[in-house]
Colleague: 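Okay, handing you the structure first.
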Amino acid sequence: MFNPNFPFSMRKFLSLVFAIVIGVLSLTSCEKATPDTKESNPLVGTKWYASYSDYLMVLEFTSDADVTGYFAKPNGVYYSGQTTGTYKVSGNSVTFSGLTYRWIYAYYKLESGSINGSLLSTRGQKTFDIDKGDWSSWTDTFSKQ
């Protein structure tokens with residue numbers, strides 16, 4: 001059936017085909033469609049700072065939906081007023097829910113923001129008498145660190 005003098009035997013041919021098939025299967029079997037959180041939500045794991053008097057107002061995006069805010073000393077160490085809330089990202093827009101900072105007698109409620117590179121321009125409301133409910137417009141710009 002095969003010429004024994006032929007340098008390329010059927011056994012070598014089948015071994016080569018087997019090696020090619022295994023190589024192709026190993027390359028395609030490793031491809032999984034797992035979403036990369038950083039690509040889908042670039043805020044996860046980032047911190048943003050805004051100047052507030054002699055302190056910093058900090059936004060820390062801890063997960064795909066949770067955000068923590070607090071006041072920090074100039075070196076970034078927590079000082080006061082921790083708050084938690086949720087957020088949603090759509091393109092370069094951020095919508096906040098339940099995120100109200102407290103600084104002594106003042107309250108700052110973040111409602112939305114717009115991301116432009118390493119800047120997050122936010123809009124919300126502030127009050128100096130939460131019991132009275134006299135809220136007024138408030139804006140601030142946070143920088144990504």
Side-chain angles (χ1 to χ4, degrees), residues 2 7-145:
F2 291 104
F8 198 75
S9 69
M10 182 60 114
R11 176 182 277 177
K12 288 182 183 177
F13 176 73
L14 289 175
S15 295
L16 180 62
V17 168
F18 181 72
I20 291 171
V21 168
I22 293 298
V24 169
L25 288 177
S26 69
L27 290 175
T28 58
S29 66
C30 291
E31 295 177 20
K32 291 183 180 178
T34 56
D36 183 7
T37 304
K38 280 287 195 189
E39 281 185 29
S40 62
N41 185 346
L43 294 178
V44 175
T46 63
K47 282 187 181 181
W48 301 69
Y49 299 95
S51 293
Y52 181 83
S53 186
D54 291 334
Y55 295 89
L56 298 171
M57 191 178 262
V58 181
L59 272 175
E60 187 173 346
F61 295 90
T62 56
S63 76
D64 204 33
D66 298 318
V67 61
T68 298
Y70 55 90
F71 289 96
K73 295 178 181 178
N75 61 3
V77 174
Y78 172 79
Y79 180 74
S80 170
Q82 184 167 346
T83 182
T84 58
T86 59
Y87 74 100
K88 291 181 184 179
V89 176
S90 178
N92 66 341
S93 297
V94 184
T95 305
F96 297 98
S97 178
L99 191 66
T100 302
Y101 290 84
R102 180 171 183 231
W103 180 259
I104 305 171
Y105 52 84
Y107 294 84
Y108 299 89
K109 182 173 17 179
L110 281 180
E111 296 172 338
S112 62
S114 179
I115 304 167
N116 186 4
S118 63
L119 297 177
L120 173 60
S121 300
T122 59
R123 292 173 296 287
Q125 298 181 44
K126 67 179 177 181
T127 185
F128 295 103
D129 189 350
I130 198 163
D131 295 327
K132 229 176 164 183
D134 292 334
W135 293 89
S136 60
S137 265
W138 166 68
T139 62
D140 211 335
T141 301
F142 289 77
S143 297
K144 184 178 176 183
Q145 299 297 311

Colleague: I'd like to know whether K47 forms a side chain to side chain contact (heavy atoms under 4.5 Å, CB included) with Y49, so could you lay out the CA-CA distance, the side-chain angles of the two residues, the decisive distance to 0.1 Å, and finally the verdict.
Modeller: CA-CA 7 Å; K47 282 187 181 181; Y49 299 95; 3.4 Å; yes
Colleague: Does a donor on one side chain sit under 3.5 Å from an acceptor on the other, for W48 and T46?
Modeller: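 Checked: W48/T46 side chains pair up, N/O donor to acceptor below 3.5 Å.
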Colleague: Would a distance-only check, ignoring hydrogens and angles, find a side-chain to backbone donor-acceptor pair under 3.5 Å from S53 to Y55?
Modeller: no
Colleague: Do V44 and F61 touch side chain to side chain, with heavy atoms closer than 4.5 Å?
Modeller: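 In short, these two side chains do not touch, never coming nearer than 4.5 Å.
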Colleague: Extract all donor-acceptor atom pairs below 3.5 Å that involve side chains of residues 106-116 and protein atoms in other chains or at least two apart in sequence.
Modeller:
residue : atom : partner : partner atom : Å
Y107    : OH   : R102    : NE           : 3.0
Y108    : OH   : Y52     : OH           : 2.9
E111    : OE2  : Q125    : NE2          : 2.7
S112    : OG   : R123    : NE           : 3.4
S112    : OG   : R123    : NH2          : 3.3

Colleague: Please report the interatomic distance NZ(K88) to OG(S93), rounded to the nearest 0.5 Å.
Modeller: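 Here the interatomic distance stands at 13.5 Å.
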Colleague: Measuring only between side-chain heavy atoms, which start at C-beta, is L43 closer than 4.5 Å to Y87?
Modeller: yes
Colleague: For E60 and V67, run side chain to side chain contact (heavy atoms under 4.5 Å, CB included): C-alpha distance rounded to whole Å, both residues' side-chain angles, the deciding distance at 0.1 Å, then the answer.
Modeller: CA-CA 6 Å; E60 187 173 346; V67 61; 5.9 Å; no
Colleague: Quick one: OH on Y78 to NZ on K73, what's the gap to the nearest 0.5 Å?
Modeller: 11.0 Å
Colleague: Please check if the side chain of D66 supplies one atom and the backbone of T86 the other of a donor-acceptor pair under 3.5 Å.
Modeller: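 Here the side-chain-to-backbone pair does not exist.
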Colleague: Between T83 and G69, is there a donor-acceptor pair closer than 3.5 Å when you use the side chain of the first and the backbone of the second?
Modeller: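 The answer is no, because no donor-acceptor pair under 3.5 Å joins these two groups.
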Colleague: As a quick check of understanding, evaluate side chain to side chain contact (heavy atoms under 4.5 Å, CB included) for V94 and L120, giving each step before the final call.
Modeller: CA-CA 9 Å; V94 184; L120 173 60; 4.2 Å; yes
Colleague: Taking the six-membered ring for Trp, are F71 and W103 parallel (under 30°), tilted (30 to 60°) or perpendicular (over 60°)?
Modeller: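 Geometry flag for W103 against F71: tilted rings.
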Colleague: For P74 versus D54, what's the shortest heavy-atom pair and its separation?
Modeller: CG-O, 3.4 Å
Colleague: Can you find a heavy atom in the side chain of I104 that is under 4.5 Å from one in the side chain of F128?
Modeller: no
Colleague: I need the Y70 OH to L59 CG distance, nearest 0.5 Å.
Modeller: 9.5 Å
Colleague: Which heavy atom of V58 sits nearest to which heavy atom of A72, and what is that distance?
Modeller: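 Scanning both residues, the minimum pair turns out to be CG2-CB, 3.7 Å.
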Colleague: Mind checking salt bridge (charged side-chain N to carboxylate O under 4.0 Å, His left out) for D134 and listing every partner two or more places apart, or none if nothing turns up?
Modeller: K132
Colleague: As an exercise, state the distance from CG of L56 to OG of S143, rounded to the nearest 0.5 Å.
Modeller: 10.0 Å
